[in-house]
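Read through the structure below, which is laid out as structure tokens, and then see the notes.
Here is the naming used below: chain letters follow the sequence lines, and residue numbers restart at 1 for every chain.
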2 protein chains.
Amino acid sequence: MPPPAKTPSAKTESAAAPSPRTDRLDARVLEGLVGYNARRAWLIVSTVFADRMAPYGLKQIDFSVLSLLAHNPGATSRQLCNTLDILPPNLVSLVATLDGRGLIERRPHPHDGRAVGLHLTPAGETLIREAEQAVVQLETEASSRLSTRERETLIKLLQKIYL
Amino acid sequence: MPPPAKTPSAKTESAAAPSPRTDRLDARVLEGLVGYNARRAWLIVSTVFADRMAPYGLKQIDFSVLSLLAHNPGATSRQLCNTLDILPPNLVSLVATLDGRGLIERRPHPHDGRAVGLHLTPAGETLIREAEQAVVQLETEASSRLSTRERETLIKLLQKIYL
DNA sequence: TATTGTTATACTCTATAACTATA
DNA sequence: TATAGTTATAGAGTATAACAATA
């Protein structure tokens, strides 16, 4: 059996340079891991998201909550928590802030006296409509090196992991 | 122009159920975003990672540092920071802990008196060798619904975003 | 003057325990 | 007894400013 074809190694670049003194290291092991790559990609999209959503005063979690309420009027905190995988105590101040900004409204739940139905206000509706458009735009730019087909494939494969 | 074909909406499930009272909400807008999906997928892999690496006493960042040092002996803190996109102050206690555990060693840098070359100890070499195998295994399981080809495609597409 | 590594610190995110009011 | 929402709090993760030693 012939020796296996070696993948190019950083060490073989130059036999006389044990300390290449570059700023970047050989990260090929990490770059072969789904977890590492998913986090790095998310970090990039995240940064663009934060920049573009700053004018709307929305962080990622705020956007998620408003977008869910736009398409699920009357949803409860518990439903938001289950859908977004966040813990109830961490949603409280968030909902309170959105309420204080006049973007959402808390109404008594029709069938359950313990629960509170969350609804977008007209201001909230307007804001999330604009924000959703901005997010679609920002997502397209952040993944501009992917074709439409590739982007769809990427999302489909990611969902095979968590959905 | 005819009305556009409606995508199936949660609202059309039943005209008499304005509050479906389910635990899951319609999240199709979010599920169309790369950022959202990348984060959700990373969260899953992350959980599996934490469970399987607990016996080794390694968090993700510890694993990344040790793995980089295994393939880049003598790397400096600054190089680790640049490669992993973390800030220097946040690496200090981390390196100190790995040093305290006897997994890495700090040696004076040959060409730069300010810098410190980081090296794995024999114990560190052994640990990261086992840990890398465990991570490959855990990654395969966490992405078990993907074929080998799909997993490669996923990684390639993620790297198109951040690399 | 610029860079490496460091300290101190603050802010955000995430997690747990315990309470209340309703079911 | 169990669940929805809340409070308080603790722990991680991430960020900035400022300093000492060296280039």
Side-chain angles (χ1 to χ4, degrees), chain A residues 19 21-23 25 35-36 39-40 42-44 46-47 49-51 53-54 57-65 74-100 104-118, chain B residues 19 21-25 35 39-40 42-44 46-47 49-51 53-54 57-65 74-100 104-118:
Chain A
S19 299
R21 212 68 195 89
T22 54
D23 286 353
L25 300 172
Y36 181 82
R39 177 169 154 75
R40 294 301 296 258
W42 171 72
L43 228 52
I44 292 294
S46 232
T47 304
F49 189 103
D51 289 347
M53 286 295 109
L58 297 181
K59 283 178 290 188
Q60 290 184 73
I61 186 65
D62 301 312
F63 173 83
S64 296
V65 166
T76 67
S77 289
R78 186 176 178 279
Q79 289 176 313
L80 291 173
C81 284
N82 285 340
T83 307
L84 295 173
D85 253 323
I86 60 179
L87 295 165
N90 299 327
L91 189 64
V92 174
S93 68
L94 206 142
V95 164
T97 300
L98 294 176
D99 191 4
I104 66 174
E105 226 178 32
R106 308 155 104 147
R107 303 186 200 155
H109 194 281
H111 308 319
D112 190 336
R114 298 166 300 180
V116 178
L118 302 174
Chain B
S19 300
R21 212 70 194 89
T22 54
D23 286 354
R24 283 272 165 178
L25 301 171
R39 178 169 152 76
R40 295 301 297 257
W42 170 73
L43 227 52
I44 292 293
S46 232
T47 304
F49 189 104
D51 289 346
M53 286 295 110
L58 297 181
K59 283 178 290 190
Q60 290 184 74
I61 186 64
D62 302 312
F63 174 83
S64 296
V65 166
T76 67
S77 288
R78 186 176 177 281
Q79 289 175 312
L80 291 173
C81 285
N82 285 339
T83 306
L84 295 173
D85 255 320
I86 60 178
L87 295 164
N90 300 328
L91 189 64
V92 174
S93 67
L94 205 142
V95 165
T97 301
L98 293 176
D99 191 4
I104 67 174
E105 226 178 33
R106 309 153 104 147
R107 303 186 199 155
H109 193 281
H111 307 321
D112 190 336
R114 298 167 301 181
V116 178
L118 302 174

**OP:** Write down the distance between CG (B:Asn90) and C1' (C:dT6), rounded to a whole number of angstrom.
**Re:** 12 Å
Original post:
What's the CD1-P distance between A:Ile104 and D:dG5, to the nearest Å?
Top reply: 12 Å
Original post:
Expressed in angstrom and rounded to an integer, what is the separation of A:Leu91 atom CG from D:dT7 atom P?
Top reply: 12 Å
Original post:
Just how far, in rounded Å, is P of D:dT6 from NE2 of A:His109?
Top reply: 14 Å
Subject >> Side chain of A:Val92 (C-beta onward), nearest among D:dT6, C:dG5, C:dT7 >> reply: D:dT6
**OP:** Determine: side-chain N/O of A:Lys59 to OP1/OP2 of C:dC13, distance under 4.0 Å, yes or no.
**Re:** yes
Original post:
Within less than 4.0 Å of OP1 or OP2 of D:dT6, is there a side-chain N or O belonging to A:Arg106?
Top reply: yes
Original post:
Does the side chain to side chain contact (heavy atoms under 4.5 Å, CB included) test come out yes or no for A:Glu105 and A:Asp99, once each step is laid out?
Top reply: CA-CA 6 Å; A:Glu105 226 178 32; A:Asp99 191 4; 5.6 Å; no
**OP:** Measure the shortest side-chain to side-chain distance between B:Leu94 and B:Lys59 over non-hydrogen atoms and say whether it is less than 4.5 angstrom.
**Re:** no
Subject >> Distance in angstrom units between B:Asp85 CG and D:dT14 C1', rounded >> reply: 12 Å
Original post:
What is the distance, rounded to the nearest whole Å, between atom CG of B:Leu94 and atom C1' of D:dT14?
Top reply: 13 Å
**OP:** Can you tell me the distance, in whole Å, between the NE2 atom of A:His111 and the P atom of C:dT22?
**Re:** 18 Å
Original post:
Could you give the CG-to-P distance, from A:Leu87 to C:dA17, as a whole number of Å?
Top reply: 12 Å
**OP:** Using only side-chain N and O atoms of B:Arg114, determine if any of them is under 4.0 Å from OP1 or OP2 of C:dG5.
**Re:** no
Original post:
Side-chain donor or acceptor of A:Asp112 under 3.5 Å from a matching atom on the base of D:dA4?
Top reply: no
